[in-house]
Number of protein chains: 2
Amino acid sequence: MKAIIHVTLKKGVLDPQGKAIAQALHNLGFDGVTDARQGKFIELDVAANTTEAQVKDMCDKLLANPVIEDYRVELRSKS
Amino acid sequence: MKAIIHVTLKKGVLDPQGKAIAQALHNLGFDGVTDARQGKFIELDVAANTTEAQVKDMCDKLLANPVIEDYRVELRSKS
């Protein structure tokens, strides 16, 4: 089974990396971009009996910083 | 409109960050995790007339390294 995790900065937390991306895209001539935010995307291969609660536990303990980051978890059976 | 971009390492490219995550999860007692891969997740606010081709152009020129990374692009109207 696969666990797909998206970790993003909470709304209101300054994202300097995103700002740098937006600025660089402007410099390249992509003027339509008004904002950019960057997050992490983590794909785990997990045992078939893994629950969403376990994956959230992993996020809280290691993968995300719950003070400034949100995460969302999705479990997918391999196909 | 929002452009959602996932940048991941190509299959076969060594992912030391992912290996570190898998090892750290093992050390925390999450034994069900057999592999981890980490990628980037970028959210752009773009003008409403932006096409997928333009966003792919941004990926090729700035957001991804096409030599070792794959990306996928998704356009979403704001709701």
Side-chain angles (χ1 to χ4, degrees), chain A residues 1-11 13 15 17-64 69-76 78, chain B residues 1-11 13 15 17-64 69-76 78:
Chain A
M1 197 157 62
K2 277 198 182 292
I4 311 289
I5 301 158
H6 285 87
V7 180
T8 51
L9 283 169
K10 287 187 178 174
K11 269 190 181 45
V13 176
D15 179 2
Q17 206 170 2
K19 290 272 173 282
I21 290 173
Q23 187 59 51
L25 286 172
H26 277 201
N27 294 346
L28 286 170
F30 296 106
D31 295 322
V33 179
T34 52
D35 194 27
R37 292 187 71 82
Q38 175 163 354
K40 284 181 285 186
F41 167 68
I42 301 165
E43 224 180 276
L44 301 177
D45 286 343
V46 292
N49 59 354
T50 307
T51 63
E52 196 171 314
Q54 282 174 313
V55 180
K56 285 187 174 172
D57 201 25
M58 295 178 200
C59 290
D60 284 325
K61 285 189 177 154
L62 180 77
L63 303 175
E69 291 174 327
D70 285 325
Y71 57 83
R72 61 174 199 274
V73 164
E74 195 185 324
L75 286 173
R76 279 184 209 163
K78 262 181 204 168
Chain B
M1 197 157 64
K2 278 199 181 294
I4 311 288
I5 300 158
H6 285 87
V7 180
T8 50
L9 282 170
K10 285 186 179 174
K11 271 191 175 50
V13 176
D15 179 3
Q17 205 170 4
K19 290 271 173 282
I21 289 173
Q23 187 58 50
L25 286 172
H26 276 201
N27 294 347
L28 286 171
F30 297 106
D31 295 322
V33 179
T34 51
D35 195 26
R37 291 185 76 80
Q38 176 164 354
K40 283 180 288 184
F41 167 67
I42 301 165
E43 224 179 278
L44 301 177
D45 286 342
V46 293
N49 59 355
T50 307
T51 62
E52 195 170 316
Q54 282 174 312
V55 180
K56 286 187 173 170
D57 201 25
M58 295 178 199
C59 290
D60 285 325
K61 286 188 176 155
L62 180 77
L63 303 174
E69 291 173 328
D70 285 324
Y71 58 83
R72 63 175 197 274
V73 164
E74 194 185 324
L75 286 173
R76 279 184 208 163
K78 262 181 204 169

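Note that the structure is a prediction, hence the values are computed from the model and not measured.
Counting heavy-atom pairs closer than 4.5 Å to chain B, the top residue among A:Met1, A:Glu43, A:Lys2 is A:Glu43. If you tally non-hydrogen atom pairs under 4.5 Å between each of A:Leu44, A:Asp31, A:Val7 and chain B, the highest count goes to A:Leu44.
Using a 4.5 Å cut-off between heavy atoms, B:Ile5 does not touch chain A at all. Interface residue A:Ile21: backbone and side-chain heavy atoms are both found under 4.5 Å from chain B. For B:Asn49, no part sits under 4.5 Å from any heavy atom of chain A, backbone or side chain.
Nearest heavy atoms, A:His6 versus B:Phe41: CD2-CD1, 3.5 Å.
Judged by distance alone, with hydrogens and angles left aside, the side-chain atoms of B:Thr34 form no donor-acceptor pair with the main-chain N or O of A:Val46 at under 3.5 Å.
Residues A:Met58 and B:Val33 are in side-chain contact: their nearest non-hydrogen atoms beyond the backbone lie under 4.5 Å apart. Inter-residue side-chain proximity for B:Leu62 and A:Leu25 is flagged as met; some heavy-atom pair is nearer than 4.5 Å.
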query: Can B:Asp57 and A:Phe30 be said to form a side chain to side chain contact (heavy atoms under 4.5 Å, CB included), step by step?
result: CA-CA 10 Å; B:Asp57 201 25; A:Phe30 296 106; 3.6 Å; yes
query: Taking it one step at a time, do A:Gln38 and B:Lys40 satisfy side chain to side chain contact (heavy atoms under 4.5 Å, CB included)?
result: CA-CA 7 Å; A:Gln38 175 163 354; B:Lys40 283 180 288 184; 2.9 Å; yes
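Shown here is A:Gln17, whose CD atom has no more than 12 heavy atoms of other residues, nucleotides or ligands within 6.0 Å.
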